[in-house]
Amino acid sequence: KAGVTQTPRYLIKTRGQQVTLSCSPISGHRSVSWYQQTPGQGLQFLFEYFSETQRNKGNFPGRFSGRQFSNSRSEMNVSTLELGDSALYLCASSLLGMGLSEQYFGPGTRLTVT
Amino acid sequence: SQQGEEDPQALSIQEGENATMNCSYKTSINNLQWYRQNSGRGLVHLILIRSNEREKHSGRLRVTLDTSKKSSSLLITASRAADTASYFCATDATGTASKLTFGTGTRLQVTL
């Protein structure tokens, strides 16, 4: 069974631009969660989607948004990028949901904002 | 915000020794999970322990959970250089619709 894939793996953007990251979950998994990881703040939960609906949301500004498609693939978008958005963005898929069953993580997208 | 705090923040041991990491959390939970992260990569799920369980084993891993003290420990026995990684606990707090919150992590270094 193929694992969770994330594209792109690395990205460099300029302040003020917007970015879209993609995540393909393991086949059959309906839950996709997104996390931001930085040295200063650690792993912070962004949002979770389950069957195309946002089920949980973390404490991030509205510049961070996401969606999930009918095939469970998910995208997250960050608009008006700030230097502080530089981070490793991880997505994870699970069968029942992030808290109910184990999550399988993708390799992450490393975003650098200059 | 972080629900879990891991202790110690960093741990350095020699191959063959046991490594113990602790996690404390603040609210009631449904379950607690441990994950491993190799440098700059995605996380790997290690073990899930439910709130009504006290101890769980998986290979060289032993996890305990004390809900009265709101704490958990992860023991890695007979450590290997390949165990070098950061270890995170994550909690599913009750009443949060299965939202998972990660701790700050313990950085484990296993030397030959």
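Convention: sequence-line order gives letters A, B, ...; per-chain numbering from 1.
Other residues, nucleotides and ligands contribute only 12 or fewer heavy atoms inside 6.0 Å of the CZ atom of R80(B). Counting non-hydrogen atoms of other residues, nucleotides and ligands closer than 6.0 Å to CZ of R60(B) gives a total above 12. The number of heavy-atom neighbours closer than 6.0 Å to CD of Q54(A), taken from other residues, nucleotides and ligands shown, is above 12.
There is no path of hydrophobic side-chain contacts, each under 4.5 Å, that joins Y10(A) to I12(A). Residues L83(A) and V19(A) share a single hydrophobic cluster, defined by chaining ILVMFWY side chains whose heavy atoms lie under 4.5 Å apart. When the side chains of ILVMFWY residues are joined at heavy-atom separations under 4.5 Å, either directly or via intervening members, I26(A) and F50(A) end up in two distinct hydrophobic clusters.
The shortest side-chain heavy-atom distance between F105(A) and V44(B) does not fall under the 4.5 Å cut-off. When side chains are defined from C-beta on, L43(B) counts as touching L43(A), because their heavy atoms get closer than 4.5 Å.
The heavy-atom pair separating L48(B) from E102(A) by the smallest distance is CD1-N, 4.5 Å.
Against chain B, the residues from residues 106-114 of chain A that qualify, each with a non-hydrogen atom under 4.5 angstrom away, are G106(A), P107(A), R110(A) in number order.
Annotation: the span from R41(B) atom CZ to L90(A) atom CG amounts to 13.0 Å, rounded to 0.5 Å.
Only the side chain of Q37(A) comes within less than 4.5 Å of a heavy atom of chain B; its backbone N, CA, C and O stay farther away.
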Assess the residue pair F102(B) and Y35(A) against the criterion (ring-ring contact (aromatic ring centres under 6.0 Å, His included)); give the C-alpha distance rounded to whole Å, side-chain angles, the decisive distance to 0.1 Å, and a yes or no.
CA-CA 10 Å; F102(B) 281 81; Y35(A) 298 86; 5.3 Å; yes
Evaluate side chain to side chain contact (heavy atoms under 4.5 Å, CB included) for T104(B) paired with Q41(A), printing each intermediate quantity in order.
CA-CA 8 Å; T104(B) 52; Q41(A) 298 297 319; over 6 Å; no
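Checked by atom type, the side-chain pair Q103(A)/Q33(B) shows no donor-acceptor distance below 3.5 Å.
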